[in-house]
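Notes follow once the structure below has been shown.
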Amino acid sequence: MPSLGRLHLITDTRPGRDPLAVLRAVLPVARTQLVVQVRVEDTATDRQAYELAREVLALCAPYEVPCLVNDRLHVALATGAAGGHVGADDLPVAAARQVLGPAAVLGATAREPATALAAVTAGASYLGVGPCRATTTKDGLPPPIGVAGVRAVAGAVAVPVIAIGGVTAADVPPLRAAGAYGVAVVGALSAAADPARAAEELLRGLSC
Ligand SMILES: Cc1ncc(COP(=O)(O)OP(=O)(O)O)c(N)n1
Ligand SMILES: Cc1ncsc1CCOP(=O)(O)O
Ligand SMILES: [Mg+2]
């Protein structure tokens, strides 16, 4: 697997958000440090997920930025995305690996060392670890694990740990010091007045 980007932009398809405009602003700034994860609301149709993934892939291609698809692995396969991301309500990691094949990037969600190790054994190539902080982006999340929770997982596995959940630029240095390889964000880019500048600020912490 080629080296993974440290800044994961997760698409925000909530009403009033413009994921493609945010992506257009961030791509020239983040370039190969970026990974884009296509995530749609559970109420979206497969057709909507597929169309968004195709548009994201077209924007990412000139920058050679990999695109992953959240949850819907058939959409990842159908669009030629680099891989996917699964969590507790999705296909089990081993099944996801079978679907995507050995070369794909496969992310799995974990919040503590035991599930993290199990996900890696089952074939995860990176882990999304959190929520680090409280966030309004997703309902029904368990309590935040904080920097200490990220440190516990990062110390237990050899794959990249991508911290997620309420992450801002100010959180990046302590997360990196705790062993996080990178961060995944929705609101820190999507809700920013200037997403390009917000990406620069996130990247500044990630390059240390
Ligand atoms: C990088 C990253 N980490 C965690 C998640 C969350 O996945 P999941 O727990 O399956 O929740 P949904 O995103 O599907 O609502 C993620 N998407 N990306
Ligand atoms: C999908 C997901 N899973 C855990 S936290 C989260 C949302 C992250 O969004 P934000 O960066 O806006 O907190
Ligand atoms: Mg999921």
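Just follow the structure's listing: the first ligand is 1, and inside any ligand the first atom is 1. Note that the structure is predicted; figures quoted are calculated from it, not measured.
When the Mg ion (ligand 3) is compared with the N/O/S atoms of Asp90, atom OD2 turns out nearest. Nearest N/O/S atom of Asp71 relative to the Mg ion (ligand 3): this is OD1.
The atoms of ligand 1 that sit less than 4.0 Å from any heavy atom of Arg39 are 12 (P), 13 (O), 15 (O). Counting the atoms of ligand 1 from 1 in the order shown, those under 4.0 Å from a heavy atom of Ile164 are 2 (C), 3 (N), 4 (C), 5 (C), 16 (C), 18 (N). Each of the following atoms of ligand 1 lies closer than 4.0 Å to a heavy atom of Asn70: 12 (P), 13 (O), 14 (O), 17 (N). Taking every non-hydrogen atom of Val185 and a distance limit under 4.0 Å, the qualifying atoms of ligand 2 come out as 11 (O). Residue-ligand proximity, Ala184 to ligand 1, at heavy-atom distances under 4.0 Å covers atoms 1 (C). Close contacts between ligand 1 and Gln37 involve ligand atoms 1 (C), 2 (C), 16 (C), 17 (N), 18 (N) [criterion: under 4.0 Å to a heavy atom]. Atoms of ligand 2 found under 4.0 Å from any heavy atom of Ile164, numbered from 1 in the order shown, are 2 (C), 3 (N), 5 (S), 6 (C), 8 (C). The Asp71 neighbourhood of ligand 1 comprises atoms 10 (O), 14 (O), with distances under 4.0 Å to a heavy atom of that residue. Every atom of ligand 1 is numbered from 1 in the order shown, and the set under 4.0 Å from a heavy atom of Ile10 is 18 (N). Taking a cut-off of under 4.0 Å to the non-hydrogen atoms of Leu141, the atoms of ligand 2 that pass are 4 (C), 5 (S). Residue contact check: Gly187 has heavy atoms under 4.0 Å from atoms 10 (P), 11 (O), 12 (O) of ligand 2.
Relative to atom 3 (N) of ligand 1, the option among Gly128, Ala108, Ala110 with the closest non-hydrogen atom is Gly128. Taking only non-hydrogen atoms, the option from Val185, Thr109, Val35 nearest to atom 6 (C) of ligand 1 is Thr109. Looking at Asp139, Asp90, Val129 and measuring to atom 10 (O) of ligand 1, the nearest heavy atom belongs to Asp90.
Of the protein's non-hydrogen atoms, the one nearest atom 10 (P) of ligand 2 is Thr137 OG1, 3.4 Å. Annotation: atom 11 (O) of ligand 1 to nearest protein heavy atom, Lys138 NZ, 2.8 Å. His85 CE1, 3.3 Å is the protein heavy atom nearest to atom 2 (C) of ligand 1.
Annotation for Val22 and Ser190: closest pair CG2-CA, 4.0 Å, computed over non-hydrogen atoms. In terms of heavy-atom proximity, Gly84 sits nearest to Leu100 at N-CD1, 3.7 Å. The shortest non-hydrogen separation linking Ala53 to Thr79 is CB-CG2, 3.9 Å.
Without hydrogens or angle criteria, Arg72 side chain to Ala76 main chain gives no donor-acceptor distance under 3.5 Å. A donor-acceptor pair under 3.5 Å is formed between the side chain of Ser125 and the backbone N or O of Leu106. Using modelled atom types, one side-chain atom of Thr11 and one backbone atom of Arg39 make a donor-acceptor pair closer than 3.5 Å. Here the side chain of Thr121 pairs a donor or acceptor atom with the backbone of Leu117 at under 3.5 angstrom. A donor-acceptor pair under 3.5 Å is formed between the side chain of Ser207 and the backbone N or O of Arg204. Not a single donor-acceptor pair under 3.5 Å links the side chain of Glu201 to the backbone N or O of Ala198.
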Pair Leu7, Val35 - check side chain to side chain contact (heavy atoms under 4.5 Å, CB included), show working. CA-CA 6 Å; Leu7 177 59; Val35 173; over 6 Å; no
Dump the intermediate steps for side chain to side chain contact (heavy atoms under 4.5 Å, CB included) on Gln37 and Cys67, then the final yes or no. CA-CA 6 Å; Gln37 183 189 130; Cys67 171; over 6 Å; no
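For the pair Val186 and ligand 2, the shortest N or O to N or O distance falls below 3.5 Å. For a threshold of 3.5 Å applied to N or O pairs, the pair formed by Gly166 and ligand 2 contains at least one separation below that value. An N or O contact shorter than 3.5 Å is missing between Arg39 and ligand 2 by distance. The shortest N/O to N/O separation between Thr135 and ligand 2 falls below 3.5 Å. The shortest N or O to N or O distance between Ala88 and ligand 1 is not below 3.5 Å. Considering backbone and side-chain atoms alike, Ala184 places every N or O at 3.5 Å or more from each N or O of ligand 2.
Distances from ligand 1 to the non-hydrogen atoms of His8 include no value under 4.0 Å.
Side-chain atoms of His74 and Asp46 form a donor-acceptor pair, as typed in the model, at a separation below 3.5 Å. Between the side chains of Thr137 and Thr135, a donor-acceptor pair is found at a separation under 3.5 Å.
Counting heavy atoms from C-beta outward, His85 and Val69 have side chains that stay 4.5 Å or more apart. Contact check for Asp42 versus Asp71: side-chain heavy atoms found under the 4.5 Å cut-off. Put simply, the side chain of Pro19 does not reach to within 4.5 Å of the side chain of Leu23, judged on heavy atoms.
Among the atoms of Asp89, no N, O or S atom falls under 2.8 Å of the Mg ion (ligand 3).
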